[in-house]
Amino acid sequence: MKSNVIIILLLLTICTAGKAHRTEKIDCLFNLGKVNIESVVYTPQATIISFTTTEQTDSIFAVNHGIYLIDDKGERHHAIRAEGISFDSTYQIERERPRSFSVAFTPVDEHNSALDVINPGHFSIYGIHDSGTVLNIPSAKDCYSQSYHPDDKVFQPQETVIEGVIHGGGSNGSTLLFLMRTTTGEKQPVCTVDESGHFSMRFTLSCPKLALLDDAGTRRSLAYLFVRPGDHLYVDIYGGNDGTETKVENRNGEYACPKLANIHVGTWKMSFNYISNLQPQSGQQNQAFSKYSPEEHWKILMDDYASNMHFADYMCWHNCLSPFESRLYLESTEMYYGWMLCELGARLCNMVYAKETSPQLADIAARVDDILVDRFYTLTRDILPDSPTLIYGEYCSSLSHLFDSYPAKKRCDSILETEADYCERMLKTQMDVIHRLTGWDNESLLMQYNVILSMNVMFTSCKNIKKYRVAHAEELKQLYEAARKKITNPYLLKQIDTFYEGNMIDK
């Protein structure tokens with residue numbers, strides 16, 4: 001009897017071990033790299049994905065040993081073996097002769113709803129799922145509280161430390177750069193990496209920042225970090241092709257946003273084309289808008305924005321970001337596209353005021369009133385303008401330049417500098433236009449930011465132009481004192497004080 005039980009258990013084990021769940025009808029949400037997935041096989045020993053190259057696949061192709069999957073828990077599954085291709089070998093791909101290969105990964109639960117596959121430096125595919133199912137992706141904005149109110153102490157200047165090690169050997173004294181945008185006079189933190197890969201930087205920080213650790217030599221992004229004034233972060237960074245997670249520890253005990261440190265920051269399909277289309281292009285009549293007209297440029301930008309917001313929802317959900325991490329990630333995406341939108345608007349505005357002479361650009365300048373209508377700024381209505389975390393991101397000031405937008409400039413053109421209360425009237429007119437374009441409340445953080453940057457332009461004119469200073473210095477002092485009383489965020493308060501004192505209005 002005992003032997004029969006043993007035989008039955010052995011048979012059950014063999015059956016279970018041989019059990020496989022195969023999916024051949026595959027859809028994916030985002031495919032960056034143009035490699036098709038033919039099937040996904042779930043077994044207790046491995047999850048196997050079969051691939052085929054396509055006509056859009058890069059001609060020089062490789063699969064790194066660090067290729068990995070991400071499951072519904074945001075956890076990584078690393079490669080075990082490959083068939084039809086060797087890890088880290090380079091292949092010449094012929095478009096008319098697609099290459100098929102498969103990669104086995106450590107096992108994922110067969111009830112997993114979606115997979116991401118990341119081949120560092122080559123291709124990434126997100127939201128791989130059975131085409132017969134629908135992924136229910138929640139809105140990231142609905143997942144975090146809109147009433148976040150940070151303690152004022154996080155805006156007090158404090159010494160901040162970021163240290164760690166770049167694993168995989170020495171870096172020959174290369175420079176590491178912590179990328180953050182600031183207008184409060186703080187210097188960009190930099191440090192060198194020693195031969196063992198260790199680095200350490202100490203700097204004064206007066207506002208929490210979401211920023212990148214970059215290799216200043218190669219411009220390669222190494223880690224995506226959130227850091228507060230007074231934090232002491234220790235970061236373990238691994239080789240870019242190893243697929244190993246960056247590890248972040250805050251030695252002060254605060255939450256270090258570890259999942260955010262490893263997240264892909266966007267699909268950015270058109271980022272380089274956006275900027276290049278605004279600049280003169282050699283070999284293309286040496287003028288802006290050689291690739292796309294302003295209307296086409298705006299349409300592509302908005303389509304890409306919608307795609308990336310959907311991507312952000314997916315990434316926050318599938319990587320199990322905390323509500324705070326989701327907030328930072330989503331707002332970073334919004335503000336990035338706000339920056340792109342303002343760059344387009346500024347280029348068109350400059351064409352009008354610079355009186356472009358070429359026939360094509362003169363024609364565009366003549367159409368600006370039809371292009372820069374209120375609908376042009378519709379993206380701004382998606383943003384929560386009073387969210388304090390907006391100023392944490394790299395593009396924190398992007399939508400704070402709306403005071404200088406074409407609709408605001410056009411309204412302000414009718415205000416004569418000789419009129420009484422000129423500065424106050426200019427400021428009020430600019431804010432009225434922004435309110436109309438965006439719907440933002442006049443007391444919101446982004447409106448306060450626009451007030452500060454607008455006044456900084458006036459402070460600078462007061463410093464550099466004697467005629468302006470004689471006419472408006474006293475008014476600007478009073479306007480500064482009145483504006484300062486309405487600023488609620490300590491970081492913004494420091495900014496307006498820095499601008500005022502830096503331009504020596506009192507001297």
Side-chain angles (χ1 to χ4, degrees), residues 150 154-155 157 178-189 205-212 226-227 229 265-266 271 274-275 278 301 305 327-347 349-350 377 379-409 427 430-431 433-435 437-438 440-460 480 483-484 486-503:
V154 304
F155 299 105
F178 179 57
L179 284 182
M180 66 173 191
R181 294 173 187 248
T182 177
T183 53
T184 54
E186 296 164 349
K187 293 183 179 180
Q188 184 81 281
L205 189 65
S206 59
C207 175
K209 286 293 177 182
L210 176 63
L212 293 169
F226 176 69
V227 58
V265 294
S271 293
Y274 293 143
I275 299 302
L278 301 184
L301 182 67
Y305 164 68
R327 184 186 199 105
L328 293 174
Y329 182 69
L330 195 75
E331 289 182 342
S332 180
T333 304
E334 289 177 327
M335 296 300 275
Y336 175 86
Y337 279 96
W339 171 57
M340 288 291 190
L341 185 73
C342 286
E343 288 291 314
L344 172 58
R347 184 68 180 95
C349 180
N350 290 340
Y377 299 94
L379 178 159
T380 62
R381 293 181 176 265
D382 293 344
I383 293 167
L384 301 173
D386 209 29
S387 173
T389 43
L390 289 174
I391 61 176
Y392 296 176
E394 186 180 358
Y395 301 98
C396 60
S397 65
S398 60
L399 291 175
S400 301
H401 286 86
L402 289 173
F403 77 91
D404 201 33
S405 62
Y406 175 74
K409 276 182 177 290
L427 187 62
Q430 291 166 343
M431 297 308 117
V433 170
I434 296 173
H435 177 71
L437 296 176
T438 65
W440 297 342
D441 186 274
N442 287 327
E443 306 302 318
S444 65
L445 180 141
L446 282 181
M447 289 294 273
Q448 292 179 36
Y449 215 155
N450 270 284
V451 166
I452 292 168
L453 294 183
S454 175
M455 292 190 68
N456 184 44
V457 173
M458 299 180 196
F459 296 159
T460 304
Y480 158 70
R484 196 178 186 282
K486 296 180 181 179
I487 295 171
T488 56
N489 182 278
Y491 179 72
L492 297 189
L493 192 61
K494 181 180 178 182
Q495 286 208 358
I496 193 171
D497 289 344
T498 299
F499 291 147
Y500 183 81
E501 294 162 7
N503 285 288

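All values below were derived from every heavy atom in this structure, side-chain atoms included, with hydrogens, water molecules and symmetry-related copies excluded.
- Residues Trp440 and Ile383 share a closest heavy-atom pair of NE1-O, 4.2 Å.
- In this structure, the side-chain contact (heavy atoms from CB on, under 4.5 Å) partners of Pro189, at least two apart in sequence or on a different chain, are Phe178, Met180, Met201, Phe203.
- Rounding to the nearest 0.5 Å places CG of Leu492 at 5.0 Å from CG of Leu445.
- Side chain of Ser332 to main chain of Leu328: no donor-acceptor pair is present (N/O by atom type, distance under 3.5 Å, no hydrogens or angles).
- Considering Tyr336, Trp339, Tyr274, Tyr337 in turn, Tyr337 is the only one that fulfils the ring-ring contact (aromatic ring centres under 6.0 Å, His included) rule with Tyr305.
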Residue pair Cys207, Lys494: steps toward the side chain to side chain contact (heavy atoms under 4.5 Å, CB included) verdict: CA-CA 10 Å; Cys207 175; Lys494 181 180 178 182; over 6 Å; no
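- A distance of 10.5 Å separates OG in Ser454 from NE2 in His401, rounded to the nearest 0.5 Å.
- Residue Asn450 holds its CG atom at 3.5 Å from CD1 of Ile434, rounded to the nearest 0.5 Å.
- Arg347 and Leu278 get closest at one heavy-atom pair: NE-O, 2.8 Å.
- Counting all heavy atoms, side chain and backbone alike, Thr380 lies closest to Leu437 at OG1-O, 3.9 Å.
- Considering all non-hydrogen atoms of both residues, Met447 and Asp441 come closest at CG-O, 3.1 Å.
- Atom OH in Tyr395 sits 11.0 Å away from atom CG in Leu210 (nearest 0.5 Å).
- The two residues Glu443 and Gln448 make their nearest non-hydrogen contact at O-NE2, 2.9 Å.
- In this structure the side chain of Gln430 never reaches within 4.5 angstrom of the side chain of Asp404, judged on heavy atoms.
- Residue Met458 holds its CE atom at 12.5 Å from CG of Asn503, rounded to the nearest 0.5 Å.
- Put simply, the side chain of Tyr491 does not reach to within 4.5 Å of the side chain of Pro388, judged on heavy atoms.
- Rounding to the nearest 0.5 angstrom, the gap separating the OH atom in Tyr449 from the CZ atom in Phe403 is 11.0 Å.
- A side chain to side chain contact (heavy atoms under 4.5 Å, CB included) with Ile496 holds for exactly one of Leu453, Val451, Ile452; it is Ile452.
- A distance of 6.0 Å or more separates the ring centres of Phe499 and Phe459.
- The closest side-chain heavy-atom distance from Leu402 to Cys342 is below 4.5 Å.
- Heavy-atom minimum distance, Asp386 versus Ser444: OD1-CA, 3.4 Å.
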